[in-house]
Trainee: 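To start, I am sharing the structure in question, which I have written as structure tokens.
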Number of protein chains: 2
Amino acid sequence: MTITHEAGERLMTPGEVAAMFRVDPKTVTRWASAGRIGSIRTPGGHRRFRESEVRTLLDGLTSEAHR
Amino acid sequence: MTITHEAGERLMTPGEVAAMFRVDPKTVTRWASAGRIGSIRTPGGHRRFRESEVRTLLDGLTSEAHR
DNA sequence: CTGTACTGGGGTAATTTGGGAG
DNA sequence: ATTGTCCAAATTACCCCAGTAC
């Protein structure tokens with residue numbers, strides 16, 4: 001069957017992710033730059049985030065453990 | 001792996017490519033015009049994109065996991 | 001040939017990017 | 001150390017309508 005790779009993921013824009021976390025889009029950009037959240041870029045250089053990963057991160061916030 | 005011409009290459013419409021990158025179909029058209037992505041024109045002038053190239057693009061532009 | 005959906009081109013807002021400073 | 005804001009430039013999104021795809 002088909003290898004569900006990146007291609008099958010729903011992607012989100014920086015603004016959408018920012019709205020979910022209630023932070024500034026710039027902050028999301030920094031998370032991406034720091035490698036805290038995976039991101040893929042359009043040929044034009046804009047970032048897109050995987051919806052599944054965003055949700056995972058949001059889940060992780062609930063039972064946070066402050067390493 | 002080079003710029004080979006595969007006979008059984010599956011082609012994608014601008015709308016399909018746009019959905020994968022989470023962008024507007026017009027944006028994909030701009031990428032083609034700018035030469036950022038290879039495109040093939042139908043006799044009617046509509047663009048078609050190679051699926052292999054699109055996936056390679058998605059894969060290659062997947063930058064994350066830094067630390 | 002008819003009909004629906006999608007695409008191409010142009011033009012104009014909105015979003016995103018990157019750096020710098022608070 | 002993390003975040004929010006300011007700036008200029010680039011990329012992208014949405015509007016129109018005629019033509020193509022099937």
Side-chain angles (χ1 to χ4, degrees):
Chain A
M1 48 167 279
T2 53
I3 39 200
T4 312
H5 212 67
E6 287 77 10
E9 285 288 345
R10 268 192 307 183
L11 302 178
M12 300 179 67
T13 64
E16 292 171 340
V17 177
M20 292 187 102
F21 282 94
R22 305 221 44 168
V23 295
D24 193 273
K26 182 82 169 182
T27 300
V28 179
T29 293
R30 294 180 199 203
W31 293 343
S33 297
R36 286 182 234 242
I37 181 174
S39 67
I40 73 178
R41 329 246 324 198
T42 66
H46 283 203
R47 295 186 184 82
R48 295 282 113 103
F49 304 89
R50 306 174 204 282
E51 196 242 5
S52 60
E53 188 175 356
V54 173
R55 276 195 298 181
T56 299
L57 288 176
L58 282 171
D59 285 345
L61 291 179
T62 55
S63 58
E64 111 134 70
H66 268 285
R67 57 130 182 187
Chain B
M1 45 324 188
T2 39
I3 35 131
T4 47
H5 255 302
E6 272 201 35
E9 181 61 83
R10 194 159 38 151
L11 299 179
M12 302 181 68
T13 64
E16 291 173 335
V17 178
M20 294 184 91
F21 280 93
R22 185 51 171 92
V23 296
D24 191 273
K26 298 294 191 182
T27 300
V28 179
T29 294
R30 294 198 199 92
W31 294 343
S33 299
R36 297 204 236 233
I37 181 175
S39 63
I40 298 172
R41 315 279 291 215
T42 66
H46 284 196
R47 285 181 250 264
R48 296 281 116 97
F49 305 89
R50 300 178 186 285
E51 185 193 27
S52 62
E53 186 178 357
V54 174
R55 279 202 291 183
T56 299
L57 220 44
L58 271 174
D59 238 41
L61 273 43
T62 302
S63 63
E64 91 296 295
H66 211 72
R67 77 161 43 164

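Note: hydrogens, waters and symmetry copies are ignored here, and every other heavy atom, side chains too, is used. The chains referred to below are lettered A, B, ... by the order of the sequence lines, with proteins before strands, and numbering in each begins at 1.
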Trainee: Name the closest nucleotide to the A:Thr29 side chain, picking from C:dT17, D:dA13, C:dG8.
Mentor: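 Comparing C:dT17, D:dA13, C:dG8 against the side chain of A:Thr29, the answer is C:dT17.
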
Trainee: Under 4.0 Å between any heavy atoms, over every strand shown, what does B:Arg30 touch: base, sugar-phosphate, or nothing? Just pick one.
Mentor: base

Trainee: Counting side-chain heavy atoms from CB outward, which of C:dG8, D:dA21, D:dG4 is closest to B:Arg47?
Mentor: C:dG8

Trainee: Assess whether one donor atom and one acceptor atom, taken from the side chain of A:Lys26 and the base of C:dG19, lie less than 3.5 Å apart.
Mentor: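 Per atom types, the contact qualifies.
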
Trainee: With a 4.0 Å cutoff (strictly under), does any side-chain N or O of A:Arg48 reach OP1 or OP2 of C:dT15?
Mentor: no

Trainee: Which nucleotide sits closest to the side chain of A:Pro14: D:dT11, C:dT17, C:dG19?
Mentor: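 Given the options D:dT11, C:dT17, C:dG19, the side chain of A:Pro14 is closest to C:dT17.
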
Trainee: Closer than 4.0 Å, any side-chain N/O of A:Arg41 to the OP1 or OP2 of D:dT11?
Mentor: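 No, because none of the side-chain N or O atoms of A:Arg41 sits under 4.0 Å from OP1 or OP2 of D:dT11.
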
Trainee: Side-chain N or O of B:Trp31 less than 4.0 angstrom from OP1 or OP2 on D:dT12?
Mentor: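 Affirmative; the distance criterion is met.
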
Trainee: Think B:Thr27 has a side-chain N or O under 4.0 angstrom from the OP1 or OP2 of D:dT11?
Mentor: no

Trainee: Search all heavy atoms of B:Met12 against all heavy atoms of B:Met20 and return the closest pair with its distance.
Mentor: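 Distance-wise, the nearest heavy atoms are CE-SD, 3.4 Å.
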
Trainee: Tell me whether B:Arg22 is salt-bridged to A:Glu16, with the criterion being a basic N under 4.0 Å from an acidic carboxylate O.
Mentor: yes

Trainee: What is the separation between atom CZ on B:Arg22 and atom P on D:dT12, rounded to the nearest whole Å?
Mentor: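 B:Arg22 atom CZ is separated from D:dT12 atom P by 13 Å.
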
Trainee: Given D:dA21, C:dT17, D:dT12, which nucleotide is nearest the side-chain atoms of A:Thr42?
Mentor: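 For A:Thr42, the side-chain atoms sit closest to D:dT12.
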
Trainee: Measure the distance from NE2 on B:His46 to P on C:dG9 and round it to the nearest whole Å.
Mentor: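 In whole Å, C:dG9 P and B:His46 NE2 are 9 Å from each other.
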
Trainee: Measure across A:Phe21 and A:Leu58 and return the closest heavy-atom pair with its distance rounded to 0.1 Å.
Mentor: CE2-CD2, 3.5 Å

Trainee: Report, as yes or no, whether the 6.0 Å neighbourhood of atom CZ on B:Arg41 holds more than 12 heavy atoms from other residues, nucleotides or ligands.
Mentor: yes

